[in-house]
Amino acid sequence: MERIASFCVDHTTLLPGMYLSRRDGANGEILTWDVRMKRPNHGSYLSPACAHTLEHLFATYARNSRFSKGVVYVGPMGCLTGFYLVTTGLTPAEALELTRNAFAWMAEYTGDIPGASAVECGNYLMLDPIAARAEAAAMVPVLNALDAEHLHY
């Protein structure tokens, strides 16, 4: 089997940030964004409960934002170092704006976690809103320092 694209990225050089990971679709219109919150293999990772909470919040925000029609998927990386944001029809500047706004919102969010019931979620008790706010807040300055024209590995 061929190695998948994400395994071809040198994870020893990745720092927190946002990167265009891949282009798919007939015309490259489906963009996968690597929203890297933690430096890979350096001992600091998102806890499963924190990542789960951020997933609920990030997906809810993205799918209710003005960019919602361009959001295909939001989900955590299995390695617990960040998230994938899959978009279509959004420019890099729009994807970055969406991500900045989402993380700023998550850093301040104190309400009930969307989808936090047995009916809506398969593991609704595994949530950590306090850690989620702290991790989102730590990512805000990282995202604010980025330039949409240089979002690549």
Side-chain angles (χ1 to χ4, degrees), residues 5-6 9 14-40 44-153:
S6 62
V9 174
L14 285 179
L15 297 174
M18 183 171 168
Y19 307 93
L20 178 58
S21 175
R22 57 184 293 149
R23 290 179 176 269
D24 293 291
N27 299 305
E29 71 279 8
I30 301 169
L31 305 180
T32 299
W33 298 96
D34 173 335
V35 182
R36 189 68 58 163
M37 298 175 68
K38 300 290 187 173
R39 188 168 181 193
S44 175
Y45 307 97
L46 299 171
S47 73
C50 174
H52 187 212
T53 307
L54 289 169
E55 175 190 15
H56 280 236
L57 293 172
F58 194 2
T60 297
Y61 183 90
R63 291 191 176 112
N64 283 281
S65 73
R66 69 184 184 97
F67 302 113
S68 64
K69 289 189 181 352
V71 176
V72 175
Y73 173 75
V74 176
M77 296 175 178
C79 61
L80 298 173
T81 61
F83 282 79
Y84 291 112
L85 169 65
V86 181
T87 64
T88 187
L90 297 185
T91 66
E94 290 169 329
L96 178 57
E97 181 182 344
L98 166 62
T99 305
R100 281 178 176 154
N101 292 345
F103 274 80
W105 178 78
M106 292 186 294
E108 300 294 324
Y109 189 79
T110 59
D112 292 335
I113 303 301
S117 75
V119 172
E120 301 164 299
C121 177
N123 196 0
Y124 78 100
L125 295 176
M126 189 186 72
L127 297 167
D128 187 345
I130 294 169
R133 273 194 304 278
E135 293 289 1
M139 192 64 181
V140 168
V142 173
L143 292 167
N144 286 341
L146 298 176
D147 175 353
E149 293 181 24
H150 299 98
L151 297 177
H152 50 78
Y153 291 119

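Small disclaimer: the values here were computed from a predicted structure and weren't measured.
- Side-chain contact between Asp24 and Val86: absent, with no pair of heavy atoms (C-beta onward) separated by less than 4.5 Å.
- Partner of Phe58 under the ring-ring contact (aromatic ring centres under 6.0 Å, His included) criterion, out of Phe103, Trp33, Tyr73: Phe103 alone.
- The two residues Ala93 and Ala148 make their nearest non-hydrogen contact at CA-CB, 3.5 Å.
- Smallest separation of non-hydrogen atoms from Ala131 and Asp128: N-OD1, 3.1 Å.
- Distance check, rounded to the nearest 0.5 Å: CZ of Arg100 to CE of Met139 gives 11.0 Å.
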Give every donor-acceptor pair under 3.5 Å between a side-chain atom in residues 76-85 and any protein atom, sequence neighbours left out.
unit_1	atom_1	unit_2	atom_2	d
Thr81	OG1	Arg36	NH1	2.6

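- In this structure, the separation between OG1 on Thr88 and NZ on Lys69 is 13.5 Å, given to the nearest 0.5 Å.
- The shortest heavy-atom contact between Asn64 and Thr60 is ND2-O, 2.7 Å.
- In this structure, the separation between CG on Leu14 and NZ on Lys38 is 15.0 Å, given to the nearest 0.5 Å.
- When the shell of 6.0 Å around CD of Glu120 is examined, it contains more than 12 heavy atoms from other residues, nucleotides or ligands.
- Here the closest non-hydrogen pair linking Tyr124 and Cys121 is N-SG, 3.6 Å.
- Minimum heavy-atom separation, Ala136 to Ala107: CB-N, 3.7 Å.
- For the pair Leu98 and Tyr61, the minimum side-chain heavy-atom distance is below 4.5 Å.
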Residue pair Leu20, Leu31: steps toward the side chain to side chain contact (heavy atoms under 4.5 Å, CB included) verdict: CA-CA 7 Å; Leu20 178 58; Leu31 305 180; 3.8 Å; yes
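- Rounding to the nearest 0.5 angstrom, the gap separating the CG atom in Asp147 from the CE atom in Met18 is 12.5 Å.
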Verdict with reasoning, Thr53 to Met106, per side chain to side chain contact (heavy atoms under 4.5 Å, CB included): CA-CA 10 Å; Thr53 307; Met106 292 186 294; over 6 Å; no
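- Inter-residue side-chain proximity for Leu146 and Leu151 is flagged as met; some heavy-atom pair is nearer than 4.5 Å.
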Candidate pair Glu94 and Thr87, rule side chain to side chain contact (heavy atoms under 4.5 Å, CB included), full reasoning: CA-CA 10 Å; Glu94 290 169 329; Thr87 64; over 6 Å; no
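- Taking all atoms of both residues into account, the shortest heavy-atom contact from Val74 to Arg63 is N-NH2, 3.8 Å.
- The OG1 atom of Thr110 sits 11.5 Å away from the CD1 atom of Ile130 when rounded to the nearest 0.5 Å.
- Other residues, nucleotides and ligands place more than 12 heavy atoms under 6.0 Å from the CD atom of Glu29.
- In this structure, Leu90 and Glu97 have side chains that are not in contact, with every pair of non-hydrogen atoms separated by 4.5 Å or more.
- The aromatic rings of His56 and His52 sit perpendicular to each other, their planes meeting at more than 60°, with 30° as the lower class boundary.
- A 6.0 Å sphere centred on CG of Leu15 holds more than 12 heavy atoms belonging to other residues, nucleotides or ligands.
- No donor-acceptor pair under 3.5 Å is formed between the side chain of Arg39 and the backbone N or O of Pro16.
- Of the inter-residue distances, the one linking Glu55 atom CD with Cys50 atom SG reads 11.5 Å to the nearest 0.5 angstrom.
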